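Scroll down for the structure; my scribbles are underneath it.
None of the values given here were measured: they were computed from a predicted structure.
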Amino acid sequence: MTDISTISQVKGFIDTLDAGRIRGWVFDPKNEGERARFYVALDGMVITQGIADLYRQDLEQAGFGTGHCSFSIPFTLPFEAVAGKKLTLLDKDGRLIDGARLEVATQTPNVTMSLEALTSHQLAFIYNGEVDLNTSVILSVDGVPTSSQDVILQSQGVDKRFLIPLPSTVERGKETSFQLAVVGSPCVVWQETLFVAALSGDSHFLVPELEIPKLTPKPLQASKNEAAFGTSREKMLFSAYAASIKQVRADNSQILSNALAISLGSKEHDLVLPNVDAPEVTIVLPLFLAEERLSSMVSSVVLATEPMTYQIIWITNTHQHCDIANLVVVQAQAGMNEAAALHQALVSVAAKATIVLPSEVDISCSCIAQIKQALHKPYVGFVSTKLVDFNGQLIDREVRGRFDGALKHALEHKAAQSANHCQNSYFRAVNYALFSVTGYKTALIKALPKPDSATSATDMFVYWQKIINQEQLGGYCLAHAYALSQVSRQEWLPIVSKQYQVLENQQGENSNQPTLSVTGQPILGTVVMIDAQTPTPDHDAGSYAAVEEIKLIQSLGYHVVFIPLAFTYRQAYTARLQELGVEVCYAPYYSSIGDLLCEKLKQADAVYITRYYVASQYIDFIKVHAPSLPILFNNADLHFLREIRSALAVPLSSDASKQKREELLQQAQLTKVNELSVMDEVDVILSYNEHEHAVITSHLLEQNKIFTCPWVLHPKSTHCQFEASNGIAFLGGYKHQPNVEAVEYFFENIFPKLMESDPSIIVSIYGSNMPESFKRYEHPNVELVGFVENLDDVFLRHRIFIAPLLSGAGIKGKVLESTSYGIPSVLSPIAAESTGLVHQVNSLIANTPEEWVQQIKMLYNDHILWNKLSAHAISLANERYSSDNALLKMSHAFRYAGLKTTVT
């Protein structure tokens with residue numbers, strides 16, 4: 001719901017839409033030194049975003065700062081999606097930039113292309129257009145233009161084919177998103193995500209520290225895709241080796257070296273496994289594995305298992321000799337079937353975790369460790385990995401929720417899907433997993449008898465997993481662990497059909513299992529969560545809050561689908577959410593947020609949106625496509641109140657400052673209109689700050705739908721101690737302007753007086769995105785540290801935490817975090833607002849610079865007062881901000897929205 005009547009004071013213009021890129025400029029006169037962030041909307045719906053930071057001489061000459069305010073960003077929508085529509089630019093707060101619009105033509109000549117082939121070094125295209133072309137084509141990789149070449153193409157005749165070399169920057173052995181654009185045509189004419197196979201040979205792999213034997217890899221047998229798989233397999237083996245050698249115990253380094261050599265085909269190396277009495281994991285090799293494949297299979301397992309202690313079991317029905325020292329050999333009796341042999345082998349299992357390999361696979365380097373870690377959770381009974389073929393396609397589609405006879409057919413005929421697709425890359429509950437590497441709690445399966453009807457290994461897997469489900473323990477699939485199959489997905493289909501027939505026969509008609517959540521409870525529904533970006537909890541308190549709210553929603557019984565407005569994969573941060581069981585959605589697996597919402601809203605029970613400028617862009621869309629879905633809105637903080645406070649903090653020392661205050665107040669009034677408009681349309685409002693509840697109620701004249709958004713503080717095992725600490729500290733993220741203002745106020749008004757009174761006190765300033773302007777506060781008693789990864793370094797090291805905030809709204813996350821560590825704080829009234837921190841009870845409050853100096857000195861030297869405030873702060877954190885209390889608060893909001901919860 002973009003309010004197009006609200007005009008931004010940011011300036012901008014759209015120059016062109018050509019060759020799959022939108023070009024123009026954006027300039028923020030109030031922040032000339034910062035790169036201007038902006039959104040692109042299509043008929044009012046935000047479709048992408050960008051940063052204007054490119055230099056243009058004409059813009060500098062026109063007076064737009066240094067001229068670093070132009071942009072050229074990828075535009076991947078096809079022409080038919082934008083024809084006849086209007087493109088506009090919005091500023092970072094969602095306000096329309098006046099004059100920044102472009103009407104897209106209703107039609108353009110058809111210049112579509114199709115990919116004929118992807119070889120090891122080039123892409124071959126066929127032109128399918130209606131007109132002859134004499135122009136340039138531009139190939140982009142993951143949205144970045146990488147090569148351009150001139151082409152002459154005929155709509156009729158033979159000159160329809162052209163080749164483009166594969167850019168050297170393309171990373172092999174993974175999926176890559178390609179786009180092709182034509183100069184003179186507005187949109188991309190072809191785009192596709194392709195798996196780019198690795199090149200053969202070992203020169204493309206970096207293997208650290210230990211010399212690798214010179215080897216000629218042995219070709220794999222019986223596969224028409226030998227070359228493609230062989231190089232992918234080599235890369236996996238080298239990756240596993242490189243990861244393990246850094247952590248391996250010194251006496252095992254030669255085992256790793258030999259294992260790598262054998263895996264790559266060497267016949268000249270021996271393998272001696274460690275002799276361990278109490279291994280961490282037991283790995284059971286595929287049943288009746290042939291002796292000639294044994295050494296290679298064991299070596300692959302060794303590479304993936306170090307540095308853990310392990311036991312490897314080989315179940316064989318032959319009397320062949322085994323040369324691998326300390327390999328546990330279980331000899332099946334003559335005529336013994338797979339089920340009986342597997343059951344017999346359990347007697348030899350020595351570890352608490354048993355990992356079974358149903359088929360010959362190679363295991364990713366962290367696979368075994370992730371299985372072991374997941375099995376430590378009390379509600380987990382078994383854990384599986386993804387099974388992937390050498391083309392990167394997913395083979396193992398686990399059974400979740402309902403099971404019926406149509407499942408096998410659906411699995412066989414469903415289109416191939418990348419194993420890296422968002423839908424396959426999060427920790428999730430499964431009822432059955434039959435094909436891939438699967439780990440079990442040994443005590444569970446050892447206690448089970450062998451069913452009389454079980455004859456195959458699959459019979460045993462189904463039986464174990466069925467009983468585990470009945471015991472109300474869950475089965476789960478890991479987010480990022482995978483096993484690489486030696487045959488293609490297509491070759492797996494007959495096996496899939498046979499194995500699922502076993503499952504169907506054992507289940508019967510009335511055996512549907514409930515799908516579990518990642519907390520081990522039956523899933524009550526799905527919540528689609530929309531925010532500006534993927535949370536970065538080590539950088540800002542708002543991101544920490546977002547992650548905790550996700551956990552609370554999961555604990556209430558809901559699967560969370562997270563959609564970041566940035567729509568990108570953010571390395572470790574996206575992966576962390578996925579490992580929590582969150583389905584994070586991003587490009588290139590979805591073409592647009594609009595298409596994604598159309599798909600996900602059909603499965604959703606509610607929508608949870610954070611920040612008004614995010615909600616304003618999608619409320620109307622949600623109400624059109626899913627009018628019955630309740631919308632829960634988290635305001636993060638009351639933006640217009642923060643802006644008003646920031647404006648009123650501007651001193652009236654000159655005409656210029658008076659004008660600045662007036663402009664800021666006018667901007668705050670515009671924000672108030674938009675923010676309250678969002679709140680008026682949603683079903684539930686969640687706000688951290690109870691003072692804000694009163695402000696919102698006074699405007700909306702409604703209070704029933706306003707709830708306290710819970711904040712969670714986790715108890716700390718170690719607390720700050722008076723004698724072991726020294727100095728004072730401030731911590732905040734400096735993309736949040738109130739934190740910048742707080743530091744500036746402290747150094748310009750409090751610090752000089754503090755140094756006069758006690759020059760021994762050291763002041764340490766922490767936080768991400770610290771501005772260069774802080775360097776002017778350099779002083780022998782000042783530490784400008786910046787980003788800190790571990791909060792222990794702040795809250796356990798220093799004696800006092802300060803927060804001299806002059807403006808802001810919401811709740812102050814770092815202030816609350818300090819209470820859980822027991823470090824007493826000196827705060828401004830705004831910093832203490834709605835936290836439960838009270839002057840002389842669990843903190844000290846200061847208003848004037850003189851009060852700040854007095855309170856800091858008193859607390860710094862009075863250990864009796866310090867200990868009292870510390871103890872009371874810890875009590876506040878453990879009682880008011882506990883996980884149980886937070887879950888109860890969130891359940892109240894969900895129930896008001898008509899949603900069931902697990903809280904009784």
Side-chain angles (χ1 to χ4, degrees), residues 1-2 45-46 515 517 519 521-532 545-565 581-585 593-594 596-636 638 674-688 692-693 696-697 699-711 886-904:
M1 187 197 65
T2 302
M45 172 65 67
V46 171
T515 299
S517 70
T519 59
Q521 301 165 310
I523 285 184
L524 300 177
T526 297
V527 171
V528 173
M529 192 172 186
I530 309 173
D531 203 348
V547 172
E548 293 302 321
E549 287 154 30
I550 287 172
K551 293 178 183 177
L552 291 174
I553 294 171
Q554 290 175 326
S555 295
L556 290 176
Y558 288 86
H559 169 55
V560 176
V561 176
F562 184 83
I563 303 175
L565 203 63
V582 180
E583 183 181 350
V584 187
C585 302
I593 292 180
L596 171 62
L597 280 174
C598 285
E599 175 184 327
K600 295 302 180 183
L601 291 178
K602 296 175 184 177
Q603 310 160 10
D605 296 271
V607 180
Y608 188 106
I609 312 181
T610 302
R611 278 167 266 276
Y612 89 90
Y613 55 84
V614 176
S616 66
Q617 298 168 27
Y618 292 104
I619 285 180
D620 287 349
F621 185 89
I622 293 168
K623 287 184 175 293
V624 168
H625 292 274
S628 63
L629 283 187
I631 300 175
L632 294 85
F633 168 65
N634 180 348
N635 73 334
L638 198 54
N674 288 337
E675 194 166 12
L676 292 173
S677 177
V678 166
M679 294 181 178
D680 193 45
E681 292 199 45
V682 300
D683 300 283
V684 171
I685 300 169
L686 288 157
S687 174
Y688 302 111
E692 293 181 0
H693 292 192
I696 297 168
T697 300
H699 288 284
L700 295 185
L701 303 180
E702 182 178 3
Q703 63 180 6
N704 290 339
K705 70 177 185 178
I706 304 173
F707 293 83
T708 299
C709 188
W711 193 281
L887 190 63
L888 185 62
K889 287 182 178 180
M890 187 66 84
S891 72
H892 293 159
F894 269 56
R895 286 175 179 170
Y896 181 83
L899 299 167
K900 296 179 181 179
T901 73
T902 56
V903 176
T904 56

Looking only at heavy atoms, what is the nearest atom pair of [X] and [Y], with distance?
X: Ala545; Y: Tyr688; value: CB-OH, 3.4 Å
X: Gln617; Y: Tyr613; value: NE2-O, 2.8 Å
X: Glu549; Y: Cys709; value: OE2-SG, 3.6 Å
X: Leu887; Y: Ser555; value: CD1-CB, 3.7 Å

* Determine the sole option in Leu629, Leu597, Asp605, Ile609 for which the side-chain contact (heavy atoms from CB on, under 4.5 Å) test with Val528 is passed. => Leu597
Is the closest side-chain heavy-atom distance between [X] and [Y] below 4.5 Å?
X: Tyr608; Y: Leu686; result: yes
X: Leu524; Y: Leu556; result: no
X: Val561; Y: Cys585; result: yes
X: Lys600; Y: Glu583; result: yes
X: Leu899; Y: Leu632; result: yes
X: Leu601; Y: Val607; result: yes

What's the separation between atom [atom1] in [X] and atom [atom2] in [Y], rounded to the nearest 0.5 Å?
X: Asn634; Y: Ile530; atom1: CG; atom2: CD1; answer: 13.0 Å
X: Met679; Y: Thr697; atom1: CE; atom2: OG1; answer: 10.0 Å
X: Leu700; Y: Asp680; atom1: CG; atom2: CG; answer: 6.0 Å
X: Asn635; Y: Glu675; atom1: CG; atom2: CD; answer: 6.0 Å
X: Tyr612; Y: Leu676; atom1: OH; atom2: CG; answer: 10.5 Å
X: Ile696; Y: Ile685; atom1: CD1; atom2: CD1; answer: 5.5 Å

* Hey, what's the ring geometry for Phe621 with Tyr618, parallel, tilted or perpendicular (30° and 60° as the breaks)? -> perpendicular
* Does any N or O in the side chain of Asp531 come within less than 3.5 Å of the main-chain N or O of Pro564, such that one atom is a donor and the other an acceptor? -> no
* Under 3.5 Å, is there a donor-acceptor pair between the Ser687 and Glu692 side chains? -> yes
* Electrostatic pair Asp683-Lys705, nearest N-O below 4.0 angstrom -> no
* Asked: Charged N to carboxylate O under 4.0 angstrom, Glu681 versus Lys623?
  -> no
* Asked: Crowded around Gln703 CD? As in, over 12 foreign heavy atoms under 6.0 Å?
  -> no
Run the side-chain donor-acceptor check on residues 889-896: report pairs under 3.5 Å with partners two or more places apart or on a different chain.
unit_1: Ser891; atom_1: OG; unit_2: Leu888; atom_2: O; d: 2.6
unit_1: Arg895; atom_1: NH2; unit_2: Val903; atom_2: O; d: 2.1

